[in-house]
Every structure is written in structure tokens, then in C-alpha cells.
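Below, read A as the first sequence line, B as the second, and so on, with proteins coming before strands; counting in each chain starts at 1.
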2 protein chains.
Amino acid sequence: MSTVVDQQDIKREKILEAAYQRFLHYGYSKTTMNEIAGDLSLSKALLYYYFPDKSQLYIAVMRKLAGEYIQNLESELNQANSLRDAFAAQVDIHHNFIVKNYNFFDFFRVNEQNLPDTIWEIIAEIRNSELTLLSAAIRIEEQKGHIKPVESPEQIVDLLIDALHGVRVSAVAHKKVMFPQKEHLEEIHTKRLLLLDIFIKGLMY
Amino acid sequence: MSTVVDQQDIKREKILEAAYQRFLHYGYSKTTMNEIAGDLSLSKALLYYYFPDKSQLYIAVMRKLAGEYIQNLESELNQANSLRDAFAAQVDIHHNFIVKNYNFFDFFRVNEQNLPDTIWEIIAEIRNSELTLLSAAIRIEEQKGHIKPVESPEQIVDLLIDALHGVRVSAVAHKKVMFPQKEHLEEIHTKRLLLLDIFIKGLMY
DNA sequence: AAACTGACTATTTAAACAAAATTATCAAAT
DNA sequence: ATTTGATAATTTTGTTTAAATAGTCAGTTT
């Protein structure tokens, strides 16, 4: 009965996985539907049976990654027992996510100006999850009396996430690029942890 | 004797001013050398007598703006009598600079990926001035005993400037652009001042 | 000699088109 | 319901040409 649906889901997953590998290694524009189909020994037409078009396939992969990211964040934040730990976990998970999928996001760097609405929705979803989870962490710390009650934890989290986003490589004169290069990511990570310390201290009594 | 040089400098200044107006209103690519020459009732060839090419002219204007910005920053920071005031002044001046010259920076948004080295040098120069001036402000505050001595004020300033850069409009889902739009600048400004407060408090005892 | 120009050349951009690559569709087969 | 080969539609790439603009230079003016 539901095995039909199961089978369909399994095939769908396989396509998503193959597509992910291609996108990760070669980026969106250098990946063809033929190649994805070839990797699975399927006809290209079948991909269109499961996904309406190439961009929807990419977005579906993206959505899956986002889901995993959020789930990961959720379980790690549950284990954190201080505000500092919670944010540090967020920074780490975010860092790993970017490092692991760096090439996958070629799509972003290329289309930069006009990303499809659906992508923005996924970004918003991730941001909202971060906002909700981290705001909760702030409220807990408030109740413990470690930090002074803030009128809007969401606002604070929003601000901190923005600030963390801003941290880039230090030598402006040497970077010459708007997007961080892969080799800079470690340096960025270190700086973010420092920012985090100062910021959280700024929230305390 | 030096009146010859003076005359030349005056003409050069006039060209810079006319070029600035054109670049400001129409952006780099929509401004022609003919138009700049026309505004001054000069021949285009004369522009090439004073400047080697169009991009060098643009860069010269840019350099002039940067110089004014730095001078402005320097005089304002001299008047500031707290770390908070100093940074607030920096944020304000930076904000006004961007708002006033928003269209001038079209060049940046278009060429984004590969800006000429000279531009990066100017950016680095600005950053270095900010670094030097604000680090001095930190050292003063240290001596006053208001904040705990930091091993490297430069590092702290660098971090804060990065963090301030990261502050963007809040509604990620609505923005849909990598570069902030003009209408968002006020919102960004407000958020930066809030970040500033928390950050500076995080530096204190 | 320094400042300047008109007329010229060189380069870049834009438009139009064709060819190739790739996306997307669909009738037919399993 | 799932899958495919053949085909259509679209996008990308490369080429040509014309127009716009950048850039040069011999020669004129101050």
C-alpha cells in the first residue's frame, strides 16, 4: 500500500544524493541533468518525472541540507548549558556547514543579485530557526539571572548573527574579494569566537 | 613661479569636481569623458592631459573622497571624550559618507569581483586610518582605567569594524539583495549603534 | 614651453544572427 | 505508475557588424 510511496521516496532520495554530489563538486552551472541521470544509470527524462526542473532539483537539495542543518543545531543547542556554549555551538555548526558545502554554494556567488524567492525562503527559515533557538537560550540565561533582562531577545540574536556575518578576513588590502575564500574560513571562525565572547560579556551585569 | 603649478592644480581640481558630479549622478559606466569635458567646456583631449585614463580619473576622485573622509574622522575623533563617543562618531561619519556618495559606488557593485588594485589600496588606507585612530581611543580608555587592558587594541578595533559591516537589514526574507538598498541605510545605522553599545560594554570591567 | 584642441585611431559595447549545448516535453513501452 | 528514446524549446556560446566611447597625436594657441 504505502510501499509505492516508499519506493518513490527512495528514488527521490537517490536523485537528491546524486545531484548533491554533482553540485558540490562542479557547482550548479557546470552540472548537467544528463550527468546526474548518468550517475544513476537513469534517463534524463526520469529526473523530470520527479522534479519539475533543474532549479527545483537544486532547491530540493538545498532544502534537505537546510533541514539537516537545523536539526543538527537543535540537538546541539539542547546540550549547551550556558549562553556562551549555545552561541559557540551555533558558530561551529555554521562554520562546518559552510566549509563542507562551500562549492555547493557556487550558485549563490554566481546568481548573487537575483536569487529565486524559494531560496530566500529557505534562508529565512534557517534564520528563523536560529532566532528561535538562540532566543530561547537567552531567556534561560535571563532566568538564571546571569544577564540583565533584555526587552527583545530576538532583536539581540538578530544583531549578533548579523555581526558574526560581518566578520571577514583581517587584511582588507590582501583579500580583494567580496566573498571569503575557502582558505580564510578558519581565520574567520577564530575571530567570530572572539566577537562572541565580547558580545556576551556585554550582555551581562 | 609656483603659480604655474597652482593653475594646474586648480584645473585638476575642477576636473575632479565635474567628474565627481557625473559619477555621483550617473555612475561610472554611464559617464563619458566627453560629458565631463563638455560640463567644463573643455576638449576631451585635455582630460587626458591631466589624467592618464578614465579609471585613473575615477580613482583620483575616490582618493580625494577618501582623504576628506579620513580628515573628517580625525577631527571628529579628537573631540570625542569617551570610547563610546569615538566609535559612535566613526559610525555616524561612515554612515553619512555612504549615504552621500551611494551612487558613486556603483562602480563597486558592478565590478564587485575584480576591483583594480589601486582601489583596494585606498580601501586599505581608510581602514588603516580607522584602525589607528580608534586604537588610540581604546588606549586612552585603558589608561583611564575604564576598560581592562587589551593585548591588541588594533585587533579589537578590527573585529568591531568587521562586526559593524555585517549589520544588515533585519528581514532577511524580504531583502533579497546582497547589497543594502539606500532605503535600508537608516535601519542599519540604528542597529549599528546598538551593537556598539553592547560591544563596548563587553570590553569594560 | 605649457596648455589646449580637432581630427584621427583603437577599443569596448550592443545588436543580430547562427551553431552548439542543454533543458524540458511527450508519446509510447514496460 | 514508472521509465525511456526521440524530439522540441530554450539557453549558452561564438561570430560578425555597427555604433559608441576611450584614447592618441600632430599641430595651434597662449
Side-chain angles (χ1 to χ4, degrees), chain A residues 1-19 22-23 25-62 106-107 109-116 118, chain B residues 1-19 22-23 25-62 106-107 109-116 118:
Chain A
M1 29 172 284
S2 72
T3 52
V4 173
V5 171
D6 284 353
Q7 282 302 106
Q8 210 173 21
D9 282 357
I10 288 169
K11 177 67 58 84
R12 227 186 101 96
E13 277 304 310
K14 284 201 161 140
I15 294 173
L16 285 176
E17 181 55 29
R22 281 280 171 184
F23 291 140
H25 289 317
Y26 305 104
Y28 183 79
S29 65
K30 291 293 182 188
T31 297
T32 71
M33 296 297 266
N34 254 325
E35 288 165 345
I36 298 172
D39 290 346
L40 296 162
S41 306
L42 299 173
S43 75
K44 179 180 54 174
L46 190 63
L47 299 183
Y48 287 94
Y49 178 75
Y50 285 93
F51 298 93
D53 61 33
K54 187 184 175 184
S55 71
Q56 292 296 315
L57 173 55
Y58 180 86
I59 287 168
V61 176
M62 171 90 202
D106 254 32
F107 186 78
R109 287 181 283 270
V110 174
N111 293 39
E112 202 173 335
Q113 293 310 324
N114 46 300
L115 293 173
T118 332
Chain B
M1 32 169 287
S2 73
T3 51
V4 173
V5 171
D6 284 353
Q7 280 303 103
Q8 210 173 22
D9 281 359
I10 288 168
K11 177 68 58 82
R12 227 186 101 96
E13 278 303 311
K14 285 202 162 137
I15 294 173
L16 286 176
E17 181 54 29
R22 281 281 170 184
F23 290 140
H25 289 316
Y26 305 105
Y28 182 77
S29 65
K30 290 293 183 189
T31 296
T32 72
M33 295 298 265
N34 256 324
E35 288 165 345
I36 297 172
D39 290 346
L40 296 162
S41 305
L42 300 174
S43 74
K44 178 178 58 171
L46 191 62
L47 298 184
Y48 287 94
Y49 179 75
Y50 285 92
F51 298 93
D53 61 34
K54 186 183 177 185
S55 72
Q56 293 294 318
L57 174 55
Y58 180 85
I59 287 168
V61 176
M62 171 90 203
D106 254 33
F107 186 79
R109 286 180 284 271
V110 173
N111 293 38
E112 203 174 334
Q113 293 309 326
N114 45 301
L115 292 174
T118 330

Under 3.5 Å, side-chain donor or acceptor atoms of residues 40-47 of chain B against the rest of the protein: list the pairs with distances, not counting sequence neighbours.
from   : atom 1 : to     : atom 2 : distance (Å)
S43(B) : OG     : L46(B) : N      : 3.4

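- Pairs of residues two or more places apart, or lying in two chains, that qualify as side chain to side chain donor-acceptor pair (under 3.5 Å) and include a residue from residues 48-62 of chain A are D53(A)-S55(A).
- Nucleotide dA3(C) holds its C1' atom 13 Å from the CG atom of L47(B), rounded to whole Å.
- Between L42(A) atom CG and dT3(D) atom C1' the separation is 9 Å, expressed in whole Å.
- Of all heavy-atom pairs spanning L16(A) and A60(A), the tightest one is CD2-CB, 3.7 Å.
- The shortest side-chain heavy-atom distance between V110(A) and Y28(A) does not fall under the 4.5 Å cut-off.
- The side chain of Y49(B) sits closest to dA3(C) out of dT23(C), dA3(C), dT5(C).
- Distance, L57(A) CG to dT22(C) P: 17 Å, rounded to whole Å.
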Inset, instruction - Can you check each nucleotide of nucleotides 24-30 of chain C against protein heavy atoms at under 4.0 Å and return B for base, S for sugar-phosphate only, - for none, in 5' to 3' order? - result: BBB----

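- Of the residues near DNA chain C, Y50(B) and S29(A), the one whose nearest nucleotide (by heavy atom distance) lies more toward the 5' end is Y50(B).
- With values rounded to the nearest 0.5 angstrom, D106(B) atom CG is found 11.0 Å from K30(B) atom NZ.
- The CD-C1' distance, from E35(B) to dA20(D), rounds to 11 Å in whole Å.
- Residue T31(A) is classed as a sugar-phosphate contact, given heavy-atom separations below 4.0 Å to backbone atoms only.
- The distance from atom OH of Y26(B) to atom OG1 of T31(B), rounded to the nearest 0.5 Å, is 8.5 Å.
- If you take NZ of K11(B) and C1' of dT30(D), they are 12 Å apart, rounded to a whole angstrom.
- Atom OH of Y28(A) is separated from atom P of dT11(D) by 12 Å (rounded to the nearest Å).
- Residue N34(A) contributes atom CG, which lies 13 Å from atom C1' of dA6(D) at whole-angstrom precision.
- Residues R12(A) and D9(A) are not paired through a salt bridge, judged by the lack of any N-O separation under 4.0 Å between the basic side chain and the carboxylate.
- Nucleic acid contact for F51(A): none, since no nucleic acid atom lies under 4.0 Å from a heavy atom of the residue.
- A straight line from NZ of K30(B) to P of dT12(C) spans 18 Å, rounded to a whole angstrom.
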